[in-house]
Amino acid sequence: MRTVNLIIVGAVALAIVFSGIIILTRGDGGGEVAPDNESGETGTDNEPEETGVVFKENSVVHLYVDASGNAEGKLVDQVPDSKLAYVLRISVQKLGETKAEEIQSESLRKNMARYGMEVENATCEIEGVTGEGPLTFTVEMEISNYARRVENHWVISYEWVDNLAAARGVITEIKDTWVLVRNTAQSFGISNVSYRMASQSQIVLPEGAENVQYSIESQDLITRYGGGSYERSSIDLETRGTRSRVFENATTVIIAENKITVTVENVLKDSRPYRLTYQRKKPENWGFLDSIEEVRLDLKYGRGPREGYSITDSEGHEYQLSLEEILYCTAKRIISIAEDQEFSIHVLSSDGISSWGRTDWETCWEELPKEEYVSLAKRLLSEWNSGEQIEGPVGSSIGWIGIGNLLYTFTRVLDSYQEEGILPEEIKFAPSPSWGLSLNGEEISPEIAYYLLPEPDVITDTRTVKDIVHEVRKHCRKRSELPKKLLEWTNKEITYTIYSFGATSEEVLESRKGKCADFTNVYLALLRSAGIPARRVTGWVTYDPQTWSPPEGMGFVVGKTPDGKPIAG
């Protein structure tokens, strides 16, 4: 199981294919074809043989963990000169280096979010876009609270937050890479090709880390993807000088001639989540705001909440606090900042919450002013101190807020305070995946609310988008007709063209031209601006042309399966 490694080929595969680059490689006049310098290679360890041309990729990650558990590091991913590197170069040129770099940074953030880790300040630089030689992607990153404080030790956890979603994501990445490698080979007339990625992750623990251990059943792990494709990894620990290092070496092999048949069940069975633990004293300046970051991250990614957390005061004393006690202390800390008062951790003698309550759907992404969240903190403490039982949800100017989401809001306020040195004048209300939302009396998943947000290519709530939604809504007799009407508008008003690279929804609405991904961006912008949650689905369709073909203008063939069926993107 990979830790921080990601397949760069897989990260850009969709951008390449949906940009039409693969169709263009066999005669677009876009430059000289790279020389054949791939070598034949044979598999080892009784794995199916890799014969013929082998497309290679090499990845190295270094992460350095500091005394506070934060990490910074670099990922260097290199594709040696080959037909695959040629296709990637053309793709980067067509997309533009800035867009391609954004794709890599976002891919890293999404990969680490699977483990409940927050990547910050990710930047990417691409070298070798022109000329020959290797194509190199270098991503620098910071990960806050990479190691988390648990009682008297530190924990780095590589455990998926959502096993099902993560397994599906792994399969999608592998299949994307398989399609790209297979189609590249077909475009250049290569009959026998495989792909091999060699990767190494190195986690360098802080000085003074002792009793380093990792919980994993076997050092040699393997996941089979079907048709001879597989991933094999091993984990080792060593100490150099004053710092311990954990190495994970992995090899991913994809045999392009054979189908990828792995199922979600296979991935879940073969995945082996693990924890790395070590002992080290807390930093001298470690305090309350540092220790509640773990609570915020658990609530942000839906990992918890757990029954108890290790929370530290300004004098370095450590407490095991329940969620109710953390709620009390975060409210008290916000008030102490707002009114310039002394703060100390308070351990409660009894539970003051009778019901956590659900949060109204309508509160999501509304702005909660400073005076109001401070007032909510005061109200909560006043009721608690008077011996009253607190029953959620609580009322606010933006709607009813469940007590759990109030806690998440307080942790976000304090996170902003720690970063900026002042309490935010307002904070956009965000739901935690750990607690449900309520719409018309029915509970709905809070994750759905995140499908209302804009993306880099999906620009919501602009004047253009609002005008379109307003006009289309006039022709709907009821709300349930709006998604279909907006889809009809998109397909009618946007003209399909394959020659579109990295456009935003606003740019497509201006030009009224785009490829399949551009249609999706426009439709998502319209739906989300109309208050209708919508998520992107990408993938491939294999079909028998005698019984079905993609709608005209809405798909194109990007290759064939081993049994001859076309693959439409």
Side-chain angles (χ1 to χ4, degrees), residues 65-71 118 144-157 206 208-210 277-300 303-353 370 373-374 376-387 390 403-404 406-424 427 432:
V65 186
D66 65 21
S68 299
N70 301 317
E118 187 175 64
S144 60
N145 286 75
Y146 179 70
R148 303 186 186 184
R149 184 77 179 171
V150 179
E151 295 183 352
N152 63 343
H153 61 278
W154 298 82
V155 177
I156 299 173
S157 177
E210 299 177 341
T277 64
Y278 61 93
Q279 290 181 325
R280 190 188 188 282
K281 65 180 181 180
K282 299 188 299 291
E284 291 183 0
N285 60 348
W286 187 264
F288 179 76
L289 296 180
D290 300 287
S291 53
I292 64 163
E293 270 291 275
E294 182 176 359
V295 182
R296 182 185 68 84
L297 290 171
D298 276 357
L299 299 184
K300 176 178 179 177
R303 180 182 290 279
R306 296 195 299 271
E307 291 183 0
Y309 288 88
S310 299
I311 306 297
T312 305
D313 64 14
S314 58
E315 297 180 355
H317 301 132
E318 200 164 49
Y319 302 81
Q320 292 300 308
L321 299 186
S322 67
L323 213 58
E324 292 84 355
E325 291 169 326
I326 292 171
L327 172 63
Y328 185 96
C329 289
T330 53
K332 186 178 178 183
R333 186 69 181 104
I334 288 173
I335 296 169
S336 72
I337 297 169
E339 300 185 351
D340 194 22
Q341 299 175 355
E342 293 292 326
F343 168 77
S344 61
I345 288 179
H346 186 81
V347 179
L348 302 173
S349 58
S350 62
D351 184 1
I353 299 175
K370 172 184 175 181
Y373 67 70
V374 172
L376 286 171
K378 289 181 178 180
R379 173 183 161 188
L380 184 146
L381 259 62
S382 175
E383 293 180 5
W384 216 316
N385 292 334
S386 66
I390 298 171
I403 303 298
L406 188 59
L407 167 61
Y408 181 42
T409 301
F410 288 168
T411 63
R412 292 176 58 233
V413 166
L414 293 175
D415 176 64
S416 177
Y417 171 76
Q418 189 174 31
E419 289 288 326
E420 305 295 334
I422 59 173
L423 291 176
I427 189 162
S432 164

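P305 and L299 make their closest contact through CB-CD2, 4.0 Å (heavy atoms, listed as atom of the first residue, atom of the second, distance). Residues S68 and P283 approach most closely at OG-CG, 3.6 Å, considering heavy atoms. When all heavy atoms of G208 and R280 are compared, the closest pair comes out as O-CG, 3.9 Å. A pairwise comparison of heavy atoms in G316 and K282 identifies O-NZ, 3.5 Å as the closest pair. Y328 and L381 get closest at one heavy-atom pair: O-CD1, 3.7 Å.
At a threshold of 4.5 Å between non-hydrogen side-chain atoms, the residues V150 and H153 count as touching. Between I345 and L321 there is a side-chain heavy-atom pair separated by less than 4.5 Å. Under the 4.5 Å side-chain criterion, counting only non-hydrogen atoms from C-beta, N70 is not in contact with V65. Counting heavy atoms from C-beta outward, E324 and W384 have side chains that approach closer than 4.5 Å. Contact check for Y319 versus I326: no side-chain heavy atoms found under the 4.5 Å cut-off.
A side-chain contact (heavy atoms from CB on, under 4.5 Å) with I292 holds for exactly one of L407, T312, D415, I311; it is I311. With E294 as reference, R306 is the one residue of R306, R149, R303 to meet the salt bridge (Lys or Arg N to Asp or Glu O under 4.0 Å) rule.
Within a 6.0 Å radius of CD in E339, more than 12 heavy atoms belonging to other residues, nucleotides or ligands are found. In the displayed structure, E307 atom CD is contacted under 6.0 Å by at most 12 heavy atoms of other residues, nucleotides or ligands.
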*Evaluate the side-chain contact (heavy atoms from CB on, under 4.5 Å) criterion for residues D313 and W286: first the C-alpha distance (whole Å), next the side-chain angles of each, then the deciding distance (0.1 Å), finally the verdict.*
CA-CA 8 Å; D313 64 14; W286 187 264; over 6 Å; no
*With side-chain contact (heavy atoms from CB on, under 4.5 Å) as the test, would you mind laying out the steps for R148 and S157 before giving the verdict?*
CA-CA 9 Å; R148 303 186 186 184; S157 177; over 6 Å; no
_Pair T330-V413, side-chain contact (heavy atoms from CB on, under 4.5 Å): steps then yes or no_ = CA-CA 9 Å; T330 53; V413 166; over 6 Å; no
*From CA spacing to verdict: side-chain contact (heavy atoms from CB on, under 4.5 Å), L327, I353*: CA-CA 10 Å; L327 172 63; I353 299 175; 3.6 Å; yes
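Note: Y373 and F410 fail the aromatic proximity criterion, with ring centroids not under 6.0 Å apart.
Judged purely by distance below 3.5 Å, without hydrogens or angles, the side chains of N152 and E318 never pair a donor atom with an acceptor atom. D66 and Y146 form no side-chain donor-acceptor contact under 3.5 Å, judged by distance and modelled atom types alone. S336 and R333 share a donor-acceptor pair across their side chains, judged by distance under 3.5 Å alone.
Distance check: E118 CD to K300 NZ gives 3.5 Å after rounding to the nearest 0.5 Å. One distance of note links CG of L289 with OG1 of T411; it measures 11.0 Å at 0.5 Å rounding. Note that the CG atom of D298 and the OH atom of Y408 stand 11.0 Å from one another [nearest 0.5 Å]. Between atom CD of residue E293 and atom CG of residue N145 there is a gap of 5.0 Å, rounded to the nearest 0.5 Å. To the nearest 0.5 Å, atom CD1 of residue I337 and atom NZ of residue K332 are 13.0 Å apart. A distance of 11.0 Å separates NZ of K370 from CD1 of I334, quoted to the nearest 0.5 Å.
In terms of modelled atom types and a separation under 3.5 Å, the side chain of W154 and the main chain of T277 share no donor-acceptor contact. A side-chain donor-acceptor contact under 3.5 Å links S386 to the backbone of S382.
Aromatic ring pairs are classed by plane angle as parallel below 30°, tilted from 30° to 60° and perpendicular above 60°; the pair F343 and F288 is tilted.
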